[in-house]
Asks: 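Here it is, the structure in full.
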Amino acid sequence: MSEAAKPENERRKFRAIKGTRDILPPDSALWNWFEKTARSVMESYNFGEIRTPIFEETELFARSIGGETDIVAKEMFSFEDRASGRLAELKDIIVLRTSKSSAGLRAFIAEAAEFIELATESSRRRDIPSVDEEKIDALRSNVAALEKASHQQLVDHEFVRMLSNAIRAVVYITALGTFTTLRPEATASVVRAYIEHGMHTRPGDQKLYYVGPMFRRERPQKGRYRQFCQIGAEVLGASDAPAIDAELIQMLTDLLERCQIEKYTLLINSIGCPDTPERKGCRPKYVELLRAKLREPEIFSKLGADSQRRVETNPLRVMDSKLPEEQGIIEKLPKISEHLCADCREHYEELKKELKLREVPFTESPRLVRGLDYYMRTTFEITSPILGAQNALCGGGRYDGLVEMLGGPKGIKGIGFALGEDRFIDAIVEAKKIHAARTVDVFIAWMGERAYPTAVRLAHVLRGEKHTVELPPEEMKFRKALERADKMGARYVLIIGEDEIASDMLTIKRLADGKQEKISEEALVDFFRPPVPTKEGPGS
RNA sequence: GUGAGCGUAGCUCAGCUGGUAGAGCAUCGGUCUGUGGCACCGAGGGUCGCGGGUUCAAAUCCCGUCGCUCACCCCA
């Protein structure tokens, strides 16, 4: 078959889906270094890793993050995790069937009837989420209309097409399984797992960290992807001591230091508490105060369209508007720090003391509010000036009510942060202090059939010593082998040719300065001990 | 969802007062069958994002569309 005759789909070029990307070597080495470093810092604070699924019931995120937030309302990757079996099979058949013949139409009617019957029954048995009665009734009457249709009507394509489409449409949107979502963040999953496994019965506060991909259907831009990697940590337990908050933040500044990122700002704020039986509810009171202020005509009229909308939907967010012309107005708005209840104010003051005790420099920002519903009291964010518009390296805060809200035990408090790994990597690259790269320790240049078995054997020996060894799969000319070793950035070349086999001595050449020496096979392992210095460490 | 900028080889780009493609780097081979980084020579690699229009003729002009990037929204 000639190239031109190939069907279109065979020549189609696939590419990574919008907002996703491939991390290739050598860049991936920096990611690995960073993850290793983050793990090491968090483990030094006695956090343990938790691994949760990357998809959960949609309801979990809707409840925790807040149904009104953009994340839940329009940015989640959700799908119906449908039941298998006859019902699901029918759904596919009905939705996809194109029936022109009368036999096809009769089959379609029979399938639709069976679908109605099975769906109603399964719904009653609670095998599937309850099916909407109205939908089923609509289906039933449409199917009945088709069944009762006169011969005249059945040859009327328009009539049949309309009814069939109506049936297909209803079947298509009928949920037969659980609505499932690719996680847009991990706190909800961690809290779910904490509750599910009764972790509150474990001794002390649970200090957990996670590393992994998150998914949000946003428009991609610098530092923002649809699949992005977050590293985060949560502390769950009975205590809400400000020292917990401070230590969590200190852990982050430790990590920044290890990554040699010097240009950053730590912003902190308290956003008060919600109105619950145990709490004073200083936030809702403040929100109303703020809203009232923003509604004043002389202020409202100066706000942009987005901020005007926020006055009703989420007045707090007016505070972090980026519009230059609104900055003057925002400066004069009442600050939440001046309207905290006594408990929240004390908690906030203690947090600041604890940070000072740890010598963590911070900036208070009355304008720092959080986007997710579950936050209360402490909020913080670390921004970097080198990242562009998406300048938040990490952010977090306290969420004392979340465990209970998701059905867990009463009185469990929580605080956590998440950092955007993609952005951290950008910041590390920008800071230019750390360069991680993979290197080849030993390149084995073998020449001739007689040398090959020795090369294979020694490659295995050296790999057993944890060295990175490149063994060419095919014989290469000597010059070529050296050139290849050089381009790979190999540190040493182990030369095994006719001369070496004849004399029973190996040749080792150091590429940096070209020095080489003869060595016996027995001495080879010792030559490379202690192990060649770290392959993926910070360089300078 | 909104707006702006940009799509030519694996990468960076030239060619754009219309005449059906070029450079550098990279890759592979050779000069060079036991000594790399250099040099020289050569090769492969592109339906100029895709579709339509104008024209004798379109990478070039016009329209549409898709993609990428950045910003807004929102958020890590």
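A, B, ... follow the sequence lines: proteins, then strands. Residue 1 opens every chain.
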Asks: By the 4.0 Å heavy-atom rule, please label A:G497 as base, sugar-phosphate, or nothing.
Replies: base

Asks: Can you tell me if the side-chain N/O atoms of A:R423 get under 4.0 Å from OP1 or OP2 in B:C75?
Replies: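 No, outside the criterion.
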
Asks: Applying a 3.5 Å limit to both distances, which nucleotide forms a Watson-Crick or G-U wobble pair with B:C32?
Replies: none

Asks: With a 3.5 angstrom cut-off on both distances, give the Watson-Crick or G-U wobble partner of B:A57, or none if there isn't one.
Replies: none

Asks: By nearest nucleotide on RNA chain B, pick out whichever of A:A418 and A:D306 is the more 5' one.
Replies: A:D306

Asks: Just compare B:A76, B:C74, B:G34 and give me whichever is closest to any side-chain atom of A:R310.
Replies: B:C74

Asks: Taking the C1' atom of each, how far is B:G45 from B:C11, in whole Å?
Replies: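 Their C1' atoms lie roughly 13 Å apart.
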
Asks: Taking the ring centre of each residue, are A:F424 and A:F34 less than 6.0 Å apart?
Replies: yes

Asks: If you check the A:L511 side chain, which of B:G1, B:G36, B:C74 turns out closest?
Replies: B:G36

Asks: For the side chain of A:R219, starting at C-beta, report the closest nucleotide among B:A76, B:C74, B:U2.
Replies: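 Nearest nucleotide to the side chain: B:U2.
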
Asks: Report yes if a side-chain nitrogen or oxygen of A:K322 is closer than 4.0 Å to either non-bridging phosphate oxygen (OP1 or OP2) of B:C72; otherwise report no.
Replies: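 Yes.
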
Asks: Which part of the nucleic acid, if any, lies within contact of A:E483, taking any heavy atom under 4.0 Å across all strands shown: a base, the sugar-phosphate backbone alone, or nothing?
Replies: sugar-phosphate

Asks: CZ of A:R484 versus P of B:A26: gap in Å, rounded?
Replies: 14 Å

Asks: How far, in whole Å, is B:C72 from B:U65 if one measures between their P atoms?
Replies: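 Nearest-Å result for B:U65 against B:C72 at atom P: 26 Å.
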
Asks: May I ask you to say what A:A485 touches in the nucleic acid, namely base, sugar-phosphate or nothing, with a heavy-atom cut-off under 4.0 Å?
Replies: nothing

Asks: Write down the partner of B:A43 under the Watson-Crick or G-U wobble criteria, each distance required to be under 3.5 Å.
Replies: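 Partner of B:A43: B:U27.
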
Asks: Using the P atom on both, measure B:C48 against B:C38 and round to a whole Å.
Replies: 34 Å

Asks: Return whichever of A:K222 or A:D499 has its heavy-atom-nearest nucleotide of RNA chain B closer to the 5' end.
Replies: A:D499

Asks: Expressed as a whole number of angstroms, how long is the span from A:K18:NZ to B:C66:C1'?
Replies: 9 Å

Asks: Of the options B:G34, B:U69, B:C75, whose atoms approach the side-chain atoms of A:I495 most closely?
Replies: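 Between B:G34, B:U69, B:C75, the one nearest the side chain of A:I495 would be B:G34.
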
Asks: Counting side-chain heavy atoms from CB outward, which of B:C72, B:U69, B:A76 is closest to A:P220?
Replies: B:U69

Asks: Which listed nucleotide (B:A76, B:U35, B:G1) is nearest to the side chain of A:R217?
Replies: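 Closest nucleotide to the A:R217 side chain: B:G1.
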
Asks: When you measure from the side chain of A:S307 to the backbone N and O of A:G304, does any donor-acceptor pair fall under 3.5 Å?
Replies: no

Asks: Restricting to non-hydrogen atoms, name the atom on A:A427 and the atom on A:I261 that form the minimum distance, rounded to 0.1 Å.
Replies: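 Looking at all heavy atoms of both residues, the shortest contact is CB-CD1, 3.8 Å.
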
Asks: Would you call the rings of A:F527 and A:Y492 parallel, tilted or perpendicular if under 30° counts as parallel and over 60° as perpendicular?
Replies: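 Rings of A:F527 and A:Y492: perpendicular, as their planes differ by over 60°.
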
Asks: Counting only side-chain heavy atoms from C-beta out, which of B:C75, B:A76, B:G36 sits nearest to A:Y375?
Replies: B:A76

Asks: Which base sits across from B:G7 as a Watson-Crick or G-U pair, both distances under 3.5 Å?
Replies: B:C66

Asks: Looking at A:K480, does any N or O in its side chain come under 4.0 Å of the phosphate oxygens OP1/OP2 on B:G34?
Replies: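 No, A:K480 has no side-chain N/O under 4.0 Å of OP1/OP2 on B:G34.
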
Asks: For B:G1, which nucleotide is its Watson-Crick or G-U wobble mate, given both distances must be under 3.5 Å?
Replies: B:C72

Asks: Please determine, for the side chain of A:E218, which listed nucleotide (B:A76, B:U27, B:C73) has the closest atom?
Replies: B:A76

Asks: Under 4.0 Å: is that the gap between some side-chain N or O of A:K509 and OP1 or OP2 of B:G36?
Replies: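 The answer is no; no side-chain N or O of A:K509 sits under 4.0 Å from OP1 or OP2.
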
Asks: From CD of A:Q390 over to P of B:A76, roughly how many Å is that when rounded to an integer?
Replies: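 To the nearest whole Å, that distance equals 11 Å.
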
Asks: Answer yes or no: does a side-chain N or O of A:Q221 lie under 4.0 Å from OP1 or OP2 of B:A71?
Replies: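 Yes.
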
Asks: Just call it for A:G232: base, sugar-phosphate, or nothing, with non-hydrogen atoms closer than 4.0 Å on any strand.
Replies: nothing

Asks: Look at the side chain of A:R51 and the backbone N and O of A:Y210, then say whether any donor-acceptor pair between them is shorter than 3.5 Å.
Replies: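 Flag not set: sc A:R51 to bb A:Y210 has no pair under 3.5 Å.
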
Asks: Would you say the side chain of A:R224 and the base of B:C74 hold a donor-acceptor pair, judged only by whether the two atoms sit under 3.5 Å apart?
Replies: yes

Asks: Has A:R183 got a side-chain atom pairing as donor or acceptor with A:P213's backbone, closer than 3.5 angstrom?
Replies: yes

Asks: Rounded to whole angstrom units, what separation is found between the CD atom of A:E475 and the P atom of B:U33?
Replies: 13 Å

Asks: Once side-chain contact (heavy atoms from CB on, under 4.5 Å) is applied, do any residues pair with A:L323, and if so which ones, sequence neighbours excluded?
Replies: A:S321, A:E325, A:E326

Asks: B:U35 phosphate, OP1 or OP2: any side-chain N/O from A:Q516 under 4.0 angstrom?
Replies: no

Asks: What's the CD-P distance between A:E500 and B:G34, to the nearest Å?
Replies: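 Atom CD in A:E500 sits about 11 Å away from atom P in B:G34.
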
Asks: Mind checking if A:R216 touches a base, just sugar-phosphate, or nothing, with heavy atoms under 4.0 Å?
Replies: base

Asks: I'd like the C1' distance from B:G49 over to B:A58, given in whole Å.
Replies: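 Each nucleotide's C1' atom is 16 Å from the other's.
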
Asks: A:G223 near the nucleic acid: base, sugar-phosphate alone, or nothing, with a heavy-atom cut-off under 4.0 Å?
Replies: base

Asks: Looking at every strand, decide which applies to A:D486 at a 4.0 Å heavy-atom threshold: base, sugar-phosphate, or nothing.
Replies: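 Counting heavy atoms under 4.0 Å across all strands, the contact made by A:D486 includes a base.
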
Asks: With ring centroids as reference points, do A:Y399 and A:Y374 lie under 6.0 angstrom apart?
Replies: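 Under 6.0 Å, so yes.
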
Asks: Which part of the nucleic acid, if any, lies within reach of A:E185 when heavy atoms closer than 4.0 Å are counted: base, sugar-phosphate only, or nothing?
Replies: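 The answer is nothing, as A:E185 stays clear of every strand by at least 4.0 Å.
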
Asks: Identify whether any heavy atom of A:F417 sits under 4.0 Å from a base atom; if not, whether one sits that close to sugar-phosphate; answer base, sugar-phosphate or nothing.
Replies: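 Touches nothing.
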
